[in-house]
Amino acid sequence: MFTLAVFTKNRTNDAYAAARLGAERAAARLGARVVHYVPQRPDNVEEQIDLVDQVIAARPDAALFVPVHATAMNGAVRKLNAAGIPVVNFLNRLDEGRFVAFVGSDDYRIGHDIAARLFRHLGGHGDIVILEGVPGAVTSRDRRRGFDDALAQWPGIRVAASRSAMYQQETARKTMAELLPRLPRLDGILSANDVMSLGAIEALEAAGRSAAVVGVNALPEAITAIKRGKLLATVNFDALKIACIAAEAAIRHLRGQPVPRDIDLPVQIVDAANCQPWDRPLEERECPKWEEVVRDQR
């Protein structure tokens, strides 16, 4: 039985709970097992480096790796390479290291498209707050590039404030609670993930305020918020499905089967008009079929 070491960033963001579930589900179907390696402090670089050392000592058959930082984990990945442990990079792309494959979605497009969805809803005019993710994270960097390019196309949108809420719900709630008294006008909140969106909605409700809010991940809680009219839209950056494919890529590689170097899952804006397919708990969501995902990819 193959053993896969699965690295995720934290236990505070449901997207990574979904990723762990997806890896477990795919591994079990293919007769493998997973062991999870998660920093106790969310997104902590030093802890993830220590976890890499633990994995090298444990000698799993392969590793699935989500880096907590865009560059700070390069050395740790090189150590995995030197130890001869095959690595599938997923969710957050790394620029250095040797990988069986990268499995993910286009974070730049995610940022651009969800920003454009918000700006269209606002009629091209209004004051917004941007809630960014963890500084240095790949997703934060690329989604912010997408936000900025969309802003350049909508000159009537003004950024009243931009803050990092660390991809955490409580941090986003506190951040918005501090900002709201300083912002007599607020038309929209552009958030880089769903849990920050949910925290922002909590702050708005506590202050008796309203604004159009968007996020990323299509988590079940976000779908519920869309159905209740509290969240305008999200994007199906589906960590469960991505992790399913990442685990299958690792196992196929171990079996000597072909694996594309880049596996890109398509993304889609999810709102009240089309949210039904995502309106189910994580446990009821299905892994995609390998053949359908990789059909046109190399």
Contact between Val214 and Ile189 at the side-chain level, heavy atoms closer than 4.5 Å - yes or no? no
Closest non-hydrogen atoms of Lys9 and Pro39, given as atom of the first, atom of the second and distance, are O-CD, 3.4 Å
Given side chains that start at C-beta, do those of Tyr37 and Gln54 come closer than 4.5 Å, heavy atoms only? yes
Please report the interatomic distance CD1(Ile128) to CG(Leu151), rounded to the nearest 0.5 Å. 5.0 Å
Is there a side-chain contact between Thr234 and Ile114 (heavy atoms, below 4.5 Å)? no
Are the side chains of Gln268 and Asn274 in contact, using a 4.5 Å heavy-atom criterion? yes
Verify same cluster id: Leu232, Phe237 (apolar side-chain graph, 4.5 Å): yes
Quick one, Val68 and Phe7 - any side-chain contact, counting heavy atoms below 4.5 Å? no
Identify the residue among Asp107, Asp142, Asp262 that makes a salt bridge (Lys or Arg N to Asp or Glu O under 4.0 Å) with Arg93. Asp262
More than 12 non-hydrogen atoms from neighbouring residues, nucleotides or ligands closer than 6.0 Å to CD on Glu286, yes or no? no
Under 3.5 Å donor-acceptor, Glu170 side chain and Gly199 backbone: no
Determine whether more than 12 heavy atoms belonging to other residues, nucleotides or ligands lie under 6.0 Å from atom CZ of Arg228. no
Charged N to carboxylate O below 4.0 Å: is that the case for Glu24 and Arg33? no
Sidechain N-carboxylate O distance under 4.0 Å for Asp53, Lys79: yes
So does Asp148 pair up with Arg144, basic N to acidic O under 4.0 Å? yes
The reported gap from OG in Ser105 to CG in Asp238 (rounded to nearest 0.5 angstrom) is 8.5 Å
Charged N to carboxylate O under 4.0 angstrom, Arg163 versus Glu132? no
Could you walk me through whether Leu183 and Val129 pass side chain to side chain contact (heavy atoms under 4.5 Å, CB included), step by step? CA-CA 10 Å; Leu183 301 174; Val129 165; 3.5 Å; yes
Side-chain heavy atoms nearer than 4.5 Å, only ILVMFWY residues, links allowed to pass through others: does that put Ile85 and Val52 together? yes
Roughly how far, to the nearest 0.5 Å, is the CZ atom of Arg285 from the CZ atom of Arg25? 10.5 Å
Consider only side-chain heavy atoms of I, L, V, M, F, W and Y, link residues closer than 4.5 Å, and tell whether Val38 and Val88 are in one cluster. no
With clusters defined by side-chain heavy atoms of hydrophobic residues (ILVMFWY) lying less than 4.5 Å apart, directly or transitively, does Leu94 cluster with Ile49? yes
Is there a donor-acceptor pair closer than 3.5 Å between any side-chain N or O of Asn74 and the backbone N or O of Thr71? yes
Can you check whether Ala192's main-chain N or O pairs, donor with acceptor, with Arg143's side chain at less than 3.5 Å? yes
Less than 3.5 Å apart, any donor N or O on the side chain of His69 or Gln48 sitting next to an acceptor on the other? no
Heavy-atom check, side chain of Pro135 versus side chain of Ser140, under 4.5 Å: no
Quick one: does any side-chain atom of Asn81 pair with a main-chain N or O of Gly97 as donor and acceptor, under 3.5 Å? no
Nearest heavy-atom neighbours spanning Phe147 and Ala115: CD2-CB, 4.1 Å
How about Thr139 and Tyr167: does a side-chain donor come under 3.5 Å of a side-chain acceptor? yes
In terms of hydrophobic clusters joined by side-chain contacts under 4.5 Å, are Leu265 and Tyr16 together? yes
With side chain to side chain contact (heavy atoms under 4.5 Å, CB included) as the criterion, how do Arg173 and Met196 come out once you've worked through the C-alpha distance, each side chain's angles and the decisive distance to 0.1 Å? CA-CA 7 Å; Arg173 185 194 66 76; Met196 291 192 298; over 6 Å; no
Got Trp278 and Val270 here, is their nearest side-chain heavy-atom distance under 4.5 Å? yes
Minimal heavy-atom distance between Gln168 and Asn10, with the atoms involved, is NE2-ND2, 3.9 Å
Once you round to the nearest 0.5 Å, how far does CD1 of Ile110 lie from CG of Asn236? 8.0 Å
Gln169 vs Ser197 side-chain heavy atoms within contact, under 4.5 Å: no
